[in-house]
Trainee: 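Have a look at this one before I ask anything.
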Amino acid sequence: AQTLQSEINDLNRQQITVKTKQEQLTLLLQNQSLRREDFLTQLHSLTDELAAYRPQAEEKQAALKDLESQIQELNEE
C-alpha cells in the first residue's frame, strides 16, 4: 500500500511538472506572438513614415542635381 501511494505521489508530481511546463510554453508562445505583432506594427509605421518622406527626398535630390549642373556649367565657363 505504501509503494502504491508512493507511485501515486510520483505520478501526481510528474503531472504537475508537465502542467507547469505546458503553462510556461503557452506563455512563451503568447509572448512571442505579442513581440511579433509589436514588430510588425513598428515595421508598418516605419514603412508609412518612409513613404511620406520619399517625395521630399526626391524633390531635394532633383534640386541637388540641378545645383550640380549649374556648378559644372560655371566651372566650364
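Just so you know, these numbers come straight off a predicted model, no measurement behind them.
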Trainee: Side-chain contact test, heavy atoms from C-beta onward, threshold under 4.5 Å: evaluate it for E58 versus R54 and give yes or no.
Mentor: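 Touching, per the 4.5 Å side-chain cut-off.
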Trainee: Hey, does D10 have a side-chain heavy atom less than 4.5 Å from the side chain of R13?
Mentor: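 Sidechains of D10 and R13: in contact.
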Trainee: Report the distance from atom CG of L34 to atom CG of L29, rounding to the nearest 0.5 Å.
Mentor: 11.0 Å
Trainee: Rounded at 0.5 Å granularity, tell me how far OG1 in T47 sits from CD in Q42.
Mentor: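 The OG1 atom of T47 sits 11.0 Å away from the CD atom of Q42.
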Trainee: Just wondering, more than 12 heavy atoms not from E76 lying within 6.0 Å of its CD?
Mentor: yes
Trainee: Verify, without hydrogens or angle tests, whether S6 (side chain) and Q2 (backbone) share a donor-acceptor contact under 3.5 angstrom.
Mentor: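 Looks like no, no N/O pair under 3.5 Å.
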Trainee: Working to the nearest 0.5 Å, report the span between CZ of R36 and OG1 of T41.
Mentor: 10.5 Å
Trainee: Roughly how far apart are Q22 CD and L27 CG, rounded to 0.5 Å?
Mentor: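 Between Q22 CD and L27 CG, I get 11.0 Å after rounding to 0.5 Å.
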Trainee: Under the side chain to side chain contact (heavy atoms under 4.5 Å, CB included) rule, what do Q61 and L64 come out as? Steps first, then yes or no, please.
Mentor: CA-CA 5 Å; Q61 182 144 10; L64 178 61; 5.5 Å; no
Trainee: Hydrophobic side-chain clustering at under 4.5 Å (ILVMFWY, transitive links): who's grouped with L43? Put none if nobody.
Mentor: F39, L40
Trainee: Quick one: does S69's side chain have a donor or acceptor within less than 3.5 Å of a partner on K65's backbone?
Mentor: yes
Trainee: Could you tell me the separation between the OG1 atom of T17 and the NZ atom of K19, rounded to the nearest 0.5 Å?
Mentor: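 Those atoms lie 12.0 Å apart.
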Trainee: Does the side chain of Q5 pick up a donor-acceptor pair with the side chain of N9 at under 3.5 Å?
Mentor: yes
Trainee: Using a strict 4.0 Å threshold on nitrogen-to-oxygen distance, state whether D38 and R35 make a salt bridge.
Mentor: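 Salt bridge between D38 and R35, a charged N being under 4.0 Å from a carboxylate O: no.
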Trainee: Going from CG on L74 to CG on L67, what distance comes out if it is rounded to the nearest 0.5 angstrom?
Mentor: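 Here the rounded value is 10.5 Å.
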